[in-house]
Amino acid sequence: MKRSQCARIADVFYSSNRLLTLSVRNVIFDLFYTVLATFVYVVTLPLLLIFTFKKKYRDSIPARFFGWKNPPFSAHDIWFHVCSLGEAKAIAPILERLGERQIAISVITHTGYAAASNYKAQVRYLPYELWLWFWIRKPKTLVVLEAEFWYLMFRIAHRRGGRVIALNARISDRSFPKYYRMRWFYRILLSQCDRIFCQSSEDMARFIALGAKNVEVVGNIKLAQKIVATKIYPKPAGLLIVAASTHEGEEDGIVRGFITYREANPNAKLLVVPRHPERFAKVAELIERIAPKLSFSRWSDGTGIGDDITLVDAMGELNNLYAISDVAILGGAFASIGGHNPLEPAHFGCKIISGKHFFLQRELFKYVSHVQFIELNQIAQALREAESLPPSQVNAAIDLERVIEFLTMEK
């Protein structure tokens, strides 16, 4: 036998042996991970039962952890997994381009479920990882948005013949050190991906450092999102300020800053829109306590925007309010939460004020001009400075052609 033939046989033997070794390692790790997921499930079961009675989790926990009214998808072409409201809205331009393909969407939160239900698609809550062994059948293509890195979702979909695509993938400055310490784990998880479409070159470098292959930058798909007002409300006289998607601890500083600012601008009005509906009553009590001299009403009273401060205790109104507001104070960035999408208020020409903890939205803020980044105790000063600033605007766009081409490619 010739030496070259022996070498080829040796290469084939080595490759086969290496693949067998990797396969055994994967099976062992799958077993270990499943046992660990089972242990976590059993330990947290009492807490899950308690949280089931909270309004916020009344639908999601029974569906995700106990399979209540949450059957597997029937036959479909592309399965999108999103977390919550923002990601569910972000896939709209892509779905429009996919024509008559059968779409399935899984979510984590009830707000994400509500948004996804507006599409022509099967919508489910993503089950807890342990149950994915029984829930995932034979997917064709799985598209995972942003940072939803659930190991068994990636692994099972890949193992059962589906293409796995990470879309709008990101790793924040704050999160990367934690990911890197666990890079052995993320190397295994990301090896299940057929393609990773990143938001930025910084994200691409981080994924490569974690051992990812087939990584490319396409930008943030939220730039392709159609931003429209669904209702037209009359704009009241005076400066209108909307405090959007506020979180625990932020409303106090925003309202106090507004009170100070209003001493010199008595016609200014403030709309407060808490991020989470379960906090509406608590925020109403806070406003009445710290602003007793100002007139106050709740949006649900149906009186419109006539009072000094209005609590918007309703969902789905933010774009309609941005459309008539002069200034937008974006919540979620005055505490270490990560901030919220600045594209929507910028689209309507609001002057944007944000906190400095916007690490989850850093890429989007690159595309928005004329934004003030401040501390919570600087609200009054920022409102005064906003009077002389031009409106914020979006200075970029994205071409989804590369993403659509890959999604519609036959395996």
Side-chain angles (χ1 to χ4, degrees), residues 64 72-109 112-113 115-127 129 132 135-171 186 189-200 203-204 207 210 212-226 363 398-411:
R64 295 191 63 218
F73 293 122
S74 57
H76 58 276
D77 299 312
I78 303 176
W79 164 21
F80 288 87
H81 173 67
V82 302
C83 178
S84 57
L85 179 63
E87 294 80 24
K89 290 167 62 178
I91 62 174
I94 295 175
L95 298 184
E96 290 178 5
R97 299 277 298 276
L98 292 177
E100 297 303 314
R101 286 174 174 80
Q102 298 297 310
I103 303 299
I105 305 173
S106 61
V107 303
I108 298 293
T109 69
Y113 190 95
S117 297
N118 292 322
Y119 302 128
K120 184 181 178 182
Q122 302 177 59
V123 182
R124 305 282 191 273
Y125 284 103
L126 181 74
E129 284 189 280
L132 292 178
W135 196 81
I136 297 176
R137 291 176 175 173
K138 292 184 177 180
K140 295 179 181 178
T141 298
L142 166 63
V143 182
V144 181
L145 268 288
E146 300 206 359
E148 284 291 290
F149 300 134
W150 301 100
Y151 173 74
L152 287 181
M153 177 173 63
F154 280 67
R155 174 66 175 147
I156 296 170
H158 178 78
R159 183 174 176 178
R160 294 182 180 172
R163 291 190 308 161
V164 179
I165 300 166
L167 179 60
N168 222 37
R170 60 173 173 79
I171 301 176
Y186 287 103
L189 185 152
L190 295 171
S191 69
Q192 313 302 310
C193 284
D194 295 88
R195 189 59 54 95
I196 299 174
F197 290 115
C198 292
Q199 294 185 16
S200 69
D203 291 311
M204 182 173 71
F207 278 105
L210 295 176
K213 309 293 183 183
N214 300 319
V215 188
E216 63 181 280
V217 178
V218 295
N220 197 311
I221 66 169
K222 290 181 180 178
L223 285 167
Q225 188 176 334
K226 289 184 179 179
E363 183 65 18
I398 185 174
D399 184 2
L400 291 175
E401 196 59 41
R402 179 72 186 107
V403 174
I404 301 300
E405 176 189 349
F406 197 82
L407 290 182
T408 54
M409 186 187 302
E410 294 295 330
K411 186 175 179 181

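Just so you know, residue 1 is the first one in the sequence shown, and it goes up from there.
Here the straight-line distance linking atom OH of Tyr119 with atom NZ of Lys89 works out to 8.5 Å at 0.5 Å rounding. With rounding to the nearest 0.5 Å, the separation of CZ in Arg170 from CZ in Phe207 is 9.0 Å. Summarising the geometry, atom CD1 belonging to Ile156 is positioned 5.0 Å from atom CG belonging to Leu132; distances are rounded to the nearest 0.5 Å. Note that CD1 of Ile103 is 5.0 Å distant from CG of Leu98, once rounded to the nearest 0.5 Å. Residue Ile94 holds its CD1 atom at 10.5 Å from CD of Gln225, rounded to the nearest 0.5 Å.
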Residue pair Leu142, His158: steps toward the side chain to side chain contact (heavy atoms under 4.5 Å, CB included) verdict | CA-CA 9 Å; Leu142 166 63; His158 178 78; over 6 Å; no
Kindly indicate, with the supporting measurements, whether the criterion side chain to side chain contact (heavy atoms under 4.5 Å, CB included) is fulfilled by Glu216 and Arg195.
-> CA-CA 8 Å; Glu216 63 181 280; Arg195 189 59 54 95; 2.7 Å; yes
Stepwise side chain to side chain contact (heavy atoms under 4.5 Å, CB included) check, Ile165 with Val403 | CA-CA 10 Å; Ile165 300 166; Val403 174; over 6 Å; no
Please lay out, stage by stage, how Val215 and Leu190 fare under the test side chain to side chain contact (heavy atoms under 4.5 Å, CB included).
-> CA-CA 10 Å; Val215 188; Leu190 295 171; over 6 Å; no
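Considering Phe73, Tyr125, Phe80, Tyr113 in turn, Phe73 is the only one that fulfils the side chain to side chain contact (heavy atoms under 4.5 Å, CB included) rule with Ser106. Considering Lys140, Arg101, Gln102 in turn, Lys140 is the only one that fulfils the side-chain hydrogen bond (donor to acceptor under 3.5 Å, both in side chains) rule with Asp77.
Contact of the Asp194 side chain with the Thr141 side chain is not registered, since no non-hydrogen atoms from C-beta on lie closer than 4.5 Å. In this structure the side chain of Met153 reaches within 4.5 angstrom of the side chain of Trp79, judged on heavy atoms. Between His76 and Gln122, some side-chain heavy-atom pair lies under the 4.5 Å cut-off. Using a 4.5 Å heavy-atom cutoff, the side chains of Arg159 and Gln192 are not in contact.
Of all non-hydrogen atoms in Glu148 and Ile108, the two that sit nearest each other are OE1-CG1, 3.5 Å. Of all non-hydrogen atoms in Ile78 and Leu407, the two that sit nearest each other are CD1-O, 4.1 Å. Nearest heavy-atom pair across Ala90 and Lys222 is CB-CG, 3.8 Å. Here the closest non-hydrogen pair linking Leu126 and Arg64 is O-NE, 2.8 Å. The shortest heavy-atom contact between Ile105 and Val107 is CG2-CG1, 4.2 Å. In this structure, Asn220 and Gln199 approach most closely via the heavy-atom pair ND2-OE1, 3.0 Å.
Checking side-chain atoms of Asp203 against main-chain N and O of Ile171 turns up a donor-acceptor pair under 3.5 Å.
Asn168 and Glu146 share a donor-acceptor pair across their side chains, judged by distance under 3.5 Å alone.
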